[in-house]
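See below for the structure under consideration.
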Amino acid sequence: MLLFSSVFSVSSVVQTNSTVPTRAHPLCFVVQKHDASSLHFDFRLEMGGVMKSWAVPKGPSLDPAVKRLAMEVEDHPISYNAFEGTIPARQYGGGTVMLWDLGTYGGADGLDERALLRGHAAGRIDFVLDGVRLRGAWTLVRMQRAPERRAGKPQWLLMKRDDEHAARDVDVVAEHMTSVATGRTMREIAAAT
């Protein structure tokens with residue numbers, strides 16, 4: 001198991017009497033390639049002191065015309081951003097985890113963390129990523145569900161916005177098969193743990 005803790009300082013938050021801390025550092029994001037019961041990408045955005053998380057089966061796309069299913073999953077602690085390794089098979093999420101991308105992000109048009117949290121509650125989050133592989137403007141939109149299918153966590157769509165970082169002819173998932181933290185492949189990570 002590798003903890004890649006040199007990327008972010010998770011303790012640099014100044015607490016006020018508000019329910020959302022005042023930031024002493026930028027918000028972070030991470031994308032972890034996760035080979036559990038099925039291969040998918042865990043897309044995580046720091047909000048409200050946790051990592052809001054979505055499982056994206058096909059991974060992100062740089063093509064603004066492509067909408068990727070993003071199934072909301074449980075929040076994760078910020079410390080999990082540094083995890084790369086193998087979760088034992090009998091544990092929840094058992095399988096190999098790679099740090100596929102990481103960086104900082106902010107709300108589109110300068111929106112602050114409170115506005116991002118309101119966007120999450122309302123079902124639309126517009127944000128700008130500054131990562132190793134993913135950059136520029138993105139949107140997560142919660143899909144409406146029929147009343148009989150409203151149990152469980154909601155489903156969202158992850159979409160790249162049309163900007164200078166969009167790329168219609170690039171399969172970013174197929175192009176990048178190694179960890180941004182260690183340069184290892186999924187097979188090498190699994191073999192080392």
Side-chain angles (χ1 to χ4, degrees), residues 1-12 25-47 49-63 66-105 127-136 138 140 152-160 165-193:
M1 172 175 70
L2 172 75
L3 291 179
F4 192 70
S5 58
S6 63
V7 177
F8 302 109
S9 169
V10 296
S11 62
S12 57
H25 66 86
L27 295 167
C28 61
F29 85 92
V30 65
V31 180
Q32 292 166 307
K33 188 173 181 180
H34 189 180
D35 192 6
S37 57
S38 62
L39 182 65
H40 63 279
F41 291 75
D42 292 316
F43 186 86
R44 307 185 197 285
L45 298 175
E46 180 183 0
M47 271 189 253
V50 298
M51 298 304 291
K52 297 288 184 192
S53 300
W54 294 263
V56 182
K58 294 182 179 180
S61 173
L62 299 179
D63 185 345
V66 174
K67 296 171 177 64
R68 296 289 197 199
L69 175 64
M71 297 169 288
E72 189 171 0
V73 296
E74 69 282 342
D75 296 343
H76 280 61
I78 294 171
S79 61
Y80 193 71
N81 290 0
F83 178 75
E84 179 172 282
T86 301
I87 301 168
R90 288 189 160 74
Q91 290 186 15
Y92 173 76
T96 303
V97 177
M98 171 197 288
L99 285 168
W100 188 84
D101 197 17
L102 49 83
T104 60
Y105 88 101
F127 53 96
V128 178
L129 298 178
D130 186 17
V132 177
R133 296 177 175 155
L134 302 179
R135 295 179 163 273
W138 295 76
L140 274 162
K153 290 282 192 171
Q155 295 181 347
W156 298 64
L157 293 175
L158 174 65
M159 299 168 283
K160 177 71 185 89
H165 300 288
R168 287 167 177 76
D169 299 327
V170 175
D171 182 350
V172 69
V173 169
E175 187 175 292
H176 298 288
M177 302 297 287
T178 58
S179 166
V180 294
T182 64
R184 298 183 300 174
T185 64
M186 292 291 279
R187 180 174 287 161
E188 290 168 333
I189 294 166
T193 53

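All values below come from the heavy atoms of this structure, side chains included, with hydrogens, waters and symmetry mates left out.
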Using the salt bridge (Lys or Arg N to Asp or Glu O under 4.0 Å) criterion, which residues pair with Arg133? Sequence neighbours excluded. none
Rounded to the nearest 0.5 Å, the CE atom of Met186 sits from the OG1 atom of Thr96 at a distance of 5.0 Å
Results of side chain to side chain contact (heavy atoms under 4.5 Å, CB included) for Glu74 - residues two or more places apart only: His76, Tyr92
Would you say Val66 and Arg68 make side-chain contact, with heavy atoms under 4.5 Å? yes
So His40 and His34, would you call those rings parallel, tilted or perpendicular, with 30° and 60° as cut-offs? tilted
Can you find a heavy atom in the side chain of Trp138 that is under 4.5 Å from one in the side chain of Val128? no
Flag side-chain contact, heavy atom, 4.5 Å: Lys160 against His165: yes
Is Val31 close to Leu102 at the side-chain level, that is, under 4.5 Å between some pair of heavy atoms? no
For the residue pair Pro60 and Leu158, establish whether any side-chain heavy-atom pair is separated by less than 4.5 Å. yes
Quick check for you: to the nearest 0.5 Å, what is the distance between Asp42 atom CG and Tyr80 atom OH? 7.0 Å
Does a donor on one side chain and an acceptor on the other come within less than 3.5 Å for Thr182 and Arg184? yes
Give the intermediate values and the outcome of side chain to side chain contact (heavy atoms under 4.5 Å, CB included) for residues Lys33 and Leu39. CA-CA 7 Å; Lys33 188 173 181 180; Leu39 182 65; 4.0 Å; yes
If you look at every heavy atom in Arg168 and Asp63, which pair is closest and at what distance? CG-OD1, 3.4 Å
Side chains of residues 50-57: which donor-acceptor pairs under 3.5 Å do they make with residues two or more places apart or in other chains?
residue, atom, partner, partner atom, Å
Lys52, NZ, Asp75, OD2, 3.2
Ser53, OG, Arg44, NH1, 2.8
Ser53, OG, Met51, O, 3.0

Nearest 0.5 angstrom please: Asp35 CG to Ile87 CD1, how far? 11.0 Å
Answer yes or no: is there a side-chain heavy-atom contact under 4.5 Å between Glu84 and Val97? no
Distance (rounded to the nearest 0.5 Å) between Asn81 CG and Glu46 CD: 7.5 Å
Any side-chain heavy atom of Arg187 within less than 4.5 Å of one from Ile189? no
Of all the heavy-atom pairs spanning Thr86 and Ala190, show the shortest one and how long it is. OG1-CA, 3.7 Å
As an exercise, state the distance from CD of Glu188 to OG of Ser179, rounded to the nearest 0.5 Å. 10.0 Å
Closer than 3.5 angstrom, by distance alone: can the side chain of Asp101 be matched with the main-chain N or O of Val132 as a donor-acceptor pair? yes
Could you pull out the closest heavy-atom pair between Phe29 and Leu45, with the gap in Å? CB-CD2, 3.8 Å
Any side-chain donor near an acceptor of the partner, Trp100 and Gln32, under 3.5 Å: no
Any side-chain heavy-atom pair of Tyr105 and Met47 under 4.5 Å: yes
Atom of Phe43, atom of Leu134 and distance for their closest heavy-atom approach: CE1-CD1, 4.4 Å
